[in-house]
Amino acid sequence: MPDATCYAQVTVTLPLSGPYTYLVPDHLRPHAAVGSRVLVPFGRRTVTGYITAFAPPSKKMRVKKIIDTLDPCPLFTPGMVPLFQWIADYYIAPMGDVIKTALPGGLNVVDRQVVSLTTSGTRAADDPACPEAEKELIDILGSTPVPLKQLLDSEPPIPRSLIKVLENKGWVTVTRELSTARARAKMETVAEAAAGPLPKKGVTEKRQLLLDFLRVHGPTARADLNRKLPSAKSTLGPMVEMGLIHLSEDRVERSPLGEEIVPDTPPSLTDEQQQVVSTVSAQLTSGYATFLLKGVTGSGKTEVYMRLVEDALAAGKTAVVLVPEIALIAQTDRRFKARFGDRIAVLHSGLSDGERYDQWVKIAEKRVSVVIGARSAIFAPLTDIGLIVVDEEHDGSYKQESGLRYNARDLAAVRARMEGAVVLLGSATPSIQSAWNARTGKFKEVLLTKRVNQKPMPEIEVVDLKKYKDLPGIHTFLTPRLVEAMTQTLDRDEQVLLFLNRRGFSGAPICAHCGEPLKCRHCDVSMTFHKGVNAFRCHICGYFEPAKTHCRICNGHKIKLLGSGTEKVEEAVKDIFPHKNVARMDQDTTARRGSLLKILKGVREKQVDIVVGTQMIAKGHDFPDITLVGVICADTALNLPDFRAGERTFQLLAQVAGRAGRGDKPGRVILQTYVPDHFTIGCAVDHDADAFYTQETSFRRALAYPPFTRIILVRIADKNSGRCRTAAQKLSGLLWERRPDQGIAIMGPAEAPLTRAMNRYRWQILLKGESPSAMKKMITDALAAFRKEGGFSGVSISIDVDPYALG
DNA sequence: AGCACGCCGACT
DNA sequence: GTCGGCGTGCTC
Ligand SMILES: [Zn+2]
Ligand SMILES: [Zn+2]
């Protein structure tokens with residue numbers, strides 16, 4: 001019986017816009033809904049797709065059938081389809097890519113060609129007459145089939161003809177095989193005692209034991225049963241056969257192991273907090289609005305978020321809380337878990353594919369009403385969203401910097417507008433963009449001006465690094481003034497935190513003979529020496545070079561380890577304070593699961609006196625006994641060729657400074673810099689956010705940068721440097737031809753600040769204008785013309801709308 | 001993306 | 001003459 005659900009519009013997870021129309025077979029109808037993940041035939045392949053609508057084909061055409069539906073429930077809500085469409089338009093991306101980016105990873109099922117050995121093939125290898133090349137291929141295939149693509153792309157490549165030859169001889173076969181998705185529901189077998197009388201015989205003592213166990217404990221998973229009652233391993237089978245025990249398959253949730261969390265009691269709010277909660281809460285039932293919460297560090301923003309989430313739930317709505325990835329790894333979610341218990345789901349990068357899938361399904365099945373997570377949690381499949389919180393809204397990690405380069409903070413407003421929800425952006429140092437939106441009335445501003453503990457902001461002392469530049473070695477950075485302040489602090493039995501934006505030991509290794517920097521073979525950057533692994537490493541591509549290396553220019557063997565990273569500072573600090581415990585906190589010491597928690601615990605329990613760390617120490621940890629924060633060099637980010645350099649530096653300094661004096665004792669900050677008179681540094685020192693925003697805003701206006709214009713960055717990359725440049729010039733020409741007389745500026749093409757990464761040369765073209773739609777039309781048209789051009793088949797072009805870093 | 005079709009250079 | 005290189009176009 002044809003009805004509305006007879007035909008499904010399916011978007012396949014390929015870089016295609018789609019959708020494609022498929023027939024929904026009767027037996028799949030109950031499982032087919034908007035958001036369902038389906039397996040469909042596509043060309044001569046089988047691929048994964050998602051139902052985005054139900055509608056018959058627009059014209060008479062051959063329509064294929066959906067092969068299967070893949071999950072217990074749809075993975076996104078119908079309300080999210082317009083969001084995906086918006087993203088596809090705004091970021092100039094195919095719908096298939098949008099959906100693939102939005103949903104958890106590891107879900108794609110695709111078929112591929114695999115080559116397998118036949119029995120006669122196995123025998124052929126023993127034949128001495130068998131040519132060497134054929135023998136090699138047979139060896140590679142061994143006992144397990146190998147994907148065709150893997151053979152063709154291997155080094156050295158296996159010629160397609162060789163495979164054809166063996167296929168003709170009947171030694172190998174090429175077949176299509178479905179790859180299994182990495183993430184899927186986990187099932188387990190559950191045993192349950194059947195009702196009814198027992199037979200007179202066949203029920204041995206051990207079998208009776210099993211039956212009793214199940215009657216007492218109720219249905220039990222087989223794995224549990226085997227553990228708690230080992231004899232079940234042998235007794236279960238016969239009892240099932242006798243019909244006395246039933247087995248069934250049940251879906252189980254994998255949950256990441258974590259410490260038990262004690263429910264908390266909400267503290268009472270300060271007047272200011274109460275004021276903010278009432279203002280925002282009043283909006284929860286009146287449709288879309290975005291609030292910008294400016295709250296100094298320590299003013300209790302998190303408590304405000306939690307109250308508002310509670311209010312949203314009370315109004316029968318759901319809520320999403322976005323936090324920076326780093327904060328999540330450091331367990332910011334614990335406070336939310338303590339408050340919301342099993343009503344909350346957590347999404348972050350530390351989860352395995354399976355765990356993330358289970359959290360996702362839990363959200364989709366409405367078994368939770370709050371989601372906390374990093375960037376991608378903006379795509380949580382919640383219905384009836386009432387509130388979206390974006391904590392530390394200025395944080396760069398909300399911008400995805402690969403593939404589809406979306407900004408979750410911006411999408412929060414888009415999704416909220418579509419679903420009639422309220423957005424709360426929170427930060428001590430809002431982005432210039434958001435601050436401006438508040439100024440113009442696009443956002444409503446709410447304020448927390450007082451710290452909860454009533455403590456004043458820490459005092460910041462500036463140390464001019466120029467004065468110490470002739471001191472030996474690391475003392476140019478561990479200046480006498482800093483060491484003195486550290487000594488005083490440690491003598492009071494308080495803790496010190498040293499912030500440095502570079503990991504590793506030495507970030508600028510150079511040849512001692514000729515002065516040539518030691519660079520990566522694949523990228524145009526210096527290698528970083530890591531003492532921990534005793535080797536050089538490229539931070540772009542991971543390329544590894546043993547410590548015993550030589551200069552590529554003069555073959556010299558002595559490498560000078562210039563430039564200071566966290567490892568070098570850690571070592572020097574241990575040297576100066578031999579009786580103090582020093583912990584290092586950076587990507588290298590926290591890579592292993594749980595290692596960060598261990599360090600944090602050490603700091604909390606005061607087994608650690610001095611922490612040396614990168615960015616990640618700046619977020620979310622509240623250590624009352626850290627009373628001195630040392631910023632080793634405040635200018636590192638200030639000199640980057642990026643219009644946001646000042647903004648980022650100010651935000652970072654304010655945040656790092658906020659780590660000092662979180663407890664009862666007053667905090668102090670030593671800020672070292674080569675440019676003590678720089679405006680940005682001065683504002684950070686004076687805690688004068690207003691001055692900084694005023695000045696920075698007028699700078700942006702004068703130079704026509706965001707928020708006064710929109711920027712789109714077109715990135716061109718290719719293995720061949722000449723072709724990359726030619727492609728960039730060609731594309732630039734095509735853009736110029738399509739440039740309207742006014743309103744859009746084209747800058748470039750120019751080499752990217754990082755000229756070469758992973759053996760690909762990089763160029764970029766920057767577009768600046770007031771109308772993003774006009775710029776996008778230009779780009780789409782120029783891109784279409786560029787693709788017709790020919791000769792640029794391997795060149796990759798990617799478009800970054802509203803780039804965060806111009807790198 | 002991946003797979004087929006099709007059009008040109010170099011090897012039997 | 002064929003084989004196989006890759007540029008072009010399509011996938012419900
Ligand atoms: Zn040299
Ligand atoms: Zn590299």
Side-chain angles (χ1 to χ4, degrees), chain A residues 2 4-25 28 32 34 36-69 88 92-101 103 105-115 133 146-154 156-168 174-179 181 402-404 717-720 723 726-727 730 783-798:
Chain A
T5 65
C6 195
Y7 291 101
Q9 300 295 317
V10 173
T11 300
V12 292
T13 51
L14 294 173
L16 299 171
S17 287
Y20 297 87
T21 311
Y22 286 88
L23 258 171
V24 186
L28 294 178
V34 169
S36 295
R37 184 167 58 119
V38 294
L39 205 58
V40 290
F42 196 64
R44 46 198 68 200
R45 292 189 290 164
T46 300
V47 298
T48 306
Y50 291 86
I51 298 178
T52 48
F54 290 96
S58 51
K59 52 183 190 293
K60 216 168 150 358
M61 52 163 52
R62 208 175 90 83
V63 175
K64 294 182 179 176
K65 279 197 205 113
I66 290 177
I67 297 167
D68 205 359
T69 52
I92 320 183
M95 189 67 160
D97 278 351
V98 174
I99 295 185
K100 198 173 172 198
T101 309
L103 297 187
L107 290 173
N108 247 21
V109 182
V110 209
D111 71 344
R112 51 189 184 173
Q113 296 190 66
V114 293
V115 184
V146 178
L148 176 62
K149 205 169 174 341
Q150 190 181 314
L151 294 174
L152 297 174
D153 297 347
S154 67
I158 310 267
R160 195 181 281 269
S161 49
L162 178 60
I163 297 166
K164 279 238 175 82
V165 168
L166 295 200
E167 200 179 1
N168 290 339
V174 182
T175 47
R176 305 196 70 92
E177 185 181 83
L178 272 189
S179 71
S402 63
L404 206 176
D718 192 64
K719 285 198 287 281
N720 178 303
R723 188 167 68 164
T726 321
K730 182 78 227 172
L783 226 50
F786 180 80
R787 299 213 198 284
K788 285 208 191 89
E789 200 59 40
F792 297 125
S793 61
V795 181
S796 92
I797 309 276
S798 74

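Treat the numbers as computed from the prediction; the structure is a model and nothing was measured. Chain letters run A, B, ... following the sequence lines, proteins first and then strands; every chain starts at 1.
- Taking atom CG of A/L16 as the reference point, atom C1' of B/dA1 lies 7 Å away to the nearest angstrom.
- Going from atom CZ of A/F792 over to atom P of C/dC6 covers 18 Å, rounded to whole Å.
- With centroids closer than 5.5 Å and planes inclined by less than 30 degrees as the test, A/Y20 and the base of C/dC12 fail to qualify as a stacked pair.
- Using a 4.0 Å heavy-atom cutoff across all strands shown, A/S161 reaches sugar-phosphate atoms only and no base atom.
- Atom-to-atom, CD of A/Q150 to P of B/dA1 comes out at 19 Å; the value is rounded to the nearest Å.
- Residue-level contact check: A/R45 touches the bases, meaning some heavy atom is under 4.0 Å from a base atom.
- One interatomic measurement links the two molecules: CD of A/Q9 to C1' of C/dC12, which rounds to 9 Å at whole-angstrom precision.
- Rounded to whole Å, the distance from CG on A/L162 to C1' on C/dC3 is 15 Å.
- At the heavy-atom level, A/P159 lies nowhere under 4.0 Å from the strands shown.
- Listed candidates were B/dA4, C/dC12, C/dT11. Nearest to the side chain of A/R44 is B/dA4.
- A/T175 has its side chain out of reach of A/Q113: every pair of non-hydrogen atoms, C-beta onward, lies at least 4.5 Å apart.
- A 4.5 Å side-chain heavy-atom check between A/L152 and A/I163 finds at least one atom pair inside the cut-off.
- Contact annotation: A/R112 side-chain N/O to B/dG2 OP1/OP2 distance is not under 4.0 Å.
- Contact annotation for A/L23: no contact, since no heavy-atom pair falls under 4.0 Å across all strands.
- Between A/F792 and A/F786, the ring planes lie parallel to each other; the angle is under 30°, not in the 30° to 60° tilted range.
- With rounding to whole Å, A/K65 atom NZ is found 14 Å from C/dC12 atom P.
- Between A/R176 and B/dC3 there is a side-chain polar atom (N or O) within less than 4.0 angstrom of OP1 or OP2.
- In this structure, A/D111 places its CG atom 12 Å from C1' of B/dA1, rounding to the nearest Å.
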Q: Determine, stepwise, if the pair A/L404 / A/V98 fulfils side-chain contact (heavy atoms from CB on, under 4.5 Å).
A: CA-CA 7 Å; A/L404 206 176; A/V98 174; 3.7 Å; yes
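- Within the nucleic acid shown, A/T21 comes within 4.0 Å of at least one base atom, counting heavy atoms only.
- More than 12 non-hydrogen atoms from other residues, nucleotides or ligands lie less than 6.0 angstrom from NZ of A/K64.
- Between A/Q113 and B/dG2, a side-chain N or O to OP1/OP2 separation shorter than 4.0 Å is absent.
- The phosphate of C/dC12 has OP1 or OP2 within less than 4.0 Å of a side-chain N or O from A/Y22.
- Distance, A/R723 CZ to C/dG7 P: 8 Å, rounded to whole Å.
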